[in-house]
Number of protein chains: 2
Amino acid sequence: MKGGAGLPDHDPTDVWRRPERSTVGPKPEHSRNGIATAAVSIADEEGLTAVSIRRVAAGIGAGAASLYRYVKSHDELVELMMDTVAGEYRYTGGSGHARGQLLNLAHQGRDIMHRHPWLAPLLLTRPSMGPNSLRYLEAAVSALATVDLPGPAKLQTVAMMSALTSAFVQNELASGGGRMGAAADRVLYLAETLNTGDYPHLAEAMTERGETGHSEEQFAAVLTNYLAGAGIPA
Amino acid sequence: MKGGAGLPDHDPTDVWRRPERSTVGPKPEHSRNGIATAAVSIADEEGLTAVSIRRVAAGIGAGAASLYRYVKSHDELVELMMDTVAGEYRYTGGSGHARGQLLNLAHQGRDIMHRHPWLAPLLLTRPSMGPNSLRYLEAAVSALATVDLPGPAKLQTVAMMSALTSAFVQNELASGGGRMGAAADRVLYLAETLNTGDYPHLAEAMTERGETGHSEEQFAAVLTNYLAGAGIPA
DNA sequence: CGCAAATTGCGATCACCGTTCGCAATTAAG
DNA sequence: CTTAATTGCGAACGGTGATCGCAATTTGCG
């Protein structure tokens with residue numbers, strides 16, 4: 001019968017506990033930063049599945065096995081990528097109301113995910129605890145400093161807002177951004193299925209003339225809805 | 001230079017457009033359903049990464065290549081799995097207020113994701129358009145039948161509620177449910193990092209005594225917050 | 001200065017993955 | 001009974017993450 005459900009396998013966040021380089025031995029020809037940015041460009045241009053150890057190694061002109069001198073696993077590489085793009089947030093002095101600050105962060109997050117289409121799925125799936133990611137969290141929590149809420153509740157609120165953001169952006173990217181082709185087949189199948197008469201409410205909701213192209217406002221509306229409900233003052 | 005970002009590759013939702021079996025030829029020794037349920041058990045017991053073509057084939061006593069007579073790709077297999085567990089929803093007659101019906105669905109969804117820990121990440125990542133998934137959507141949208149909202153807005157609301165649910169459950173599973181081991185390392189790293197003095201608000205929010213063990217109520221609170229903000233009447 | 005210890009780069013290799021191909025066996029239709 | 005379609009599947013292909021062992025390099029110590 002052996003083990004249960006997946007051995008520990010090693011935590012990707014260990015990258016942040018390990019010193020990048022020790023004092024002795026030959027100087028490394030590369031760096032975590034260089035590797036991460038190379039991986040990010042590859043993902044931007046060819047999709048996340050193209051980010052393999054070999055591909056990234058080739059991208060920086062190194063042998064495949066050499067990458068493991070900088071990163072202990074493929075998961076750690078992804079961790080580096082996530083933290084790299086988390087570095088694209090810009091933090092203005094914490095002025096203004098809590099809701100406004102959070103909306104600003106969410107808007108920036110949306111922009112970042114649009115720049116890096118592979119990001120949203122990862123954010124919805126993995127924690128990401130690098131310094132830049134933590135800086136984002138710090139900014140979001142500190143926006144709630146004046147709000148009367150227990151600490152865990154603040155964290156929960158931030159987490160849910162982030163999830164909402166990622167999910168919304170992923171819908172955006174799946175609908176319009178993607179190449180046709182696969183989407184066309186799906187639409188065809190959906191049309192057929194909705195015509196069967198099962199799912200009447202669904203059919204009506206989907207056929208109704210949608211005011212498309214208002215992503216911007218829809219996004220703001222969704223987030224405002226949640227924050228208002230959560231008691232975050234405007 | 002070649003292509004851009006990932007060729008069409010084939011849409012997983014094609015499974016639903018294809019007849020399970022044609023009229024001629026030998027009788028298949030297996031079925032989509034059997035394969036799907038086998039795959040689900042494997043994922044339940046050994047994790048999603050254990051669900052490989054070979055492993056599933058072995059699970060039903062078949063050769064690896066034989067699976068491709070029932071499913072065109074690994075993605076389609078996953079699609080079958082998702083729709084299979086979506087079949088665990090129970091729909092009561094559409095009575096009661098909109099918010100209550102939606103909360104009921106969300107609660108069921110949470111239970112299902114607890115039963116199948118591999119589900120939440122998938123739901124956050126893929127569409128899933130099988131009959132059972134569509135049935136769920138139909139139920140959710142029909143709960144909004146009496147609410148004065150344009151069709152697309154209803155869909156948006158349902159999508160966001162589902163995302164919120166999946167994200168919340170994933171947090172639950174990552175925190176408590178998972179084996180220690182990896183989590184222990186992470187906690188250690190977090191403690192170290194928060195002691196550095198950067199991230200002061202984050203540190204305070206995390207160190208504050210959390211009222212843990214109230215997942216149930218927290219869950220209801222999060223969803224109610226959103227639905228209230230979205231204007232869904234209680 | 002020179003030597004020992006640690007570290008780097010990396011070719012070769014392993015185990016596994018998704019997927020394709022070709023073929024024997026089976027079945028329904030004409 | 002023949003024909004055509006379909007099934008099951010062993011074998012193989014290309015790609016993946018990861019490990020190992022070794023030559024080359026660099027630091028620090030005596």
Side-chain angles (χ1 to χ4, degrees), chain A residues 2-3 6-12 14-15 18-35 38-39 42-43 46-81 126, chain B residues 2-3 6-12 14-15 18-35 38-39 42-43 46-81 126:
Chain A
K2 277 206 154 182
L7 297 191
D9 208 15
H10 190 62
D11 188 339
D14 268 18
V15 216
R18 225 179 313 135
E20 167 145 20
R21 127 170 191 56
S22 83
T23 64
V24 34
K27 296 179 185 174
E29 300 178 0
H30 309 281
S31 69
R32 284 181 188 169
N33 233 307
I35 291 173
I42 293 175
E46 308 173 41
L48 185 59
T49 60
V51 179
S52 67
I53 295 288
R54 289 166 168 79
R55 180 74 185 74
V56 172
I60 61 171
S66 306
L67 267 206
Y68 287 95
R69 296 289 176 198
Y70 301 86
V71 144
K72 204 183 274 186
S73 70
H74 184 257
D75 273 9
E76 284 194 358
L77 176 61
V78 173
E79 181 85 10
L80 288 186
M81 293 172 65
R126 307 187 182 208
Chain B
K2 273 207 154 178
L7 297 191
D9 207 12
H10 191 61
D11 188 340
D14 268 18
V15 216
R18 224 179 312 134
E20 166 145 20
R21 131 165 188 59
S22 83
T23 62
V24 31
K27 297 179 184 175
E29 300 178 0
H30 309 282
S31 68
R32 283 180 188 170
N33 235 309
I35 291 173
I42 293 175
E46 309 173 41
L48 185 60
T49 60
V51 180
S52 67
I53 296 288
R54 291 176 227 275
R55 179 74 185 78
V56 172
I60 62 171
S66 305
L67 268 205
Y68 286 94
R69 296 289 176 200
Y70 300 85
V71 143
K72 202 182 279 189
S73 70
H74 183 258
D75 273 9
E76 283 194 359
L77 175 61
V78 173
E79 180 87 8
L80 288 186
M81 293 173 64
R126 308 189 181 206

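As a basis for the values below, the full set of heavy atoms in this structure was taken, side chains included, without hydrogen atoms, waters or symmetry mates. Below, chains carry the letters A, B, ... as their sequence lines are ordered, and counting in each starts from 1.
Each of dT26(C), dT20(C), dT7(C) was ranked by its minimum atom distance to the side chain of Pro26(A); first place goes to dT7(C). Comparing dA18(D), dT7(D), dA12(C) by their nearest atom to the side chain of Ala65(A) picks out dA12(C). The listed nucleotides are dG18(C), dG17(D), dT27(C); the one nearest the side chain of Ser52(A) is dG17(D). Side-chain proximity of Tyr68(A) to dC22(D), dT19(D), dG22(C): nearest is dT19(D). For Pro28(A), the side-chain atoms get nearest to dG9(C) when compared with the rest of dG18(C), dG9(C), dG17(D). Looking at the side chain of Glu29(A), the nearest of the listed nucleotides dG9(C), dT25(D), dC9(D) is dG9(C).
In this structure, Val51(B) and Val24(B) both approach DNA chain C, and ranking their closest nucleotides by distance from the 5' end singles out Val51(B). Heavy-atom distances to DNA chain C give each of Ser73(B) and Arg69(A) a nearest nucleotide, and the one nearer the 5′ end belongs to Arg69(A). Position along DNA chain D of the nearest nucleotide to Thr23(B) versus Ala64(B) favours Thr23(B) as the more 5'-ward residue.
Between dC10(C) and Ser66(A), a contact under 4.0 Å exists linking OP1 or OP2 to a side-chain N or O. Between Tyr70(B) and dG8(D) there is a side-chain N or O to OP1 or OP2 distance below 4.0 Å.
Leu67(B) places its CG atom 10 Å from the P atom of dG18(C), with the value rounded to the nearest Å. Counting to the nearest Å, the C1' atom of dC17(C) and the CG atom of Leu48(B) are 14 Å from each other. Spacing between atom CD1 of Ile53(B) and atom C1' of dT16(D) amounts to 16 Å, rounded to whole angstrom units. Summarising the geometry, the separation between CD1 on Ile35(B) and C1' on dC9(D) is reported as 14 Å, rounded to the nearest angstrom. dG15(D) atom P lies 14 Å from atom CD of Glu46(A), rounded to whole Å. Atom CZ of Arg18(B) is separated from atom P of dT7(D) by 11 Å (rounded to the nearest Å). Per the geometry, NE2 belonging to His10(A) stands 15 Å off C1' belonging to dT19(D), to the nearest Å.
When all heavy atoms are compared, the tightest approach of Val56(A) to Ala39(A) is CG2-CB, 4.0 Å.
Side-chain N or O atoms of Arg55(B) include none that pairs as donor or acceptor with a backbone N or O of Ile42(B) at under 3.5 Å. In terms of modelled atom types and a separation under 3.5 Å, the side chain of Tyr70(B) and the main chain of His30(B) share a donor-acceptor contact.
Here the CD1-CZ distance, from Ile35(A) to Arg69(A), works out to 12.5 Å after rounding to the nearest 0.5 Å. Residue Leu67(A) holds its CG atom at 15.5 Å from NZ of Lys72(A), rounded to the nearest 0.5 Å.
Under 3.5 Å, the side chain of Arg54(A) and the base of dG17(D) form at least one donor-acceptor pair of N or O atoms.
Contact annotation for Ala62(B): backbone-only contact, meaning every heavy-atom pair under 4.0 Å involves sugar-phosphate atoms and none involves a base. Backbone-only engagement by Gly63(A) is indicated by non-hydrogen atom pairs under 4.0 Å involving sugar-phosphate atoms exclusively.
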Is there a side chain to side chain contact (heavy atoms under 4.5 Å, CB included) between His10(B) and Glu76(B) once you walk through the steps?
CA-CA 10 Å; His10(B) 191 61; Glu76(B) 283 194 359; 3.3 Å; yes
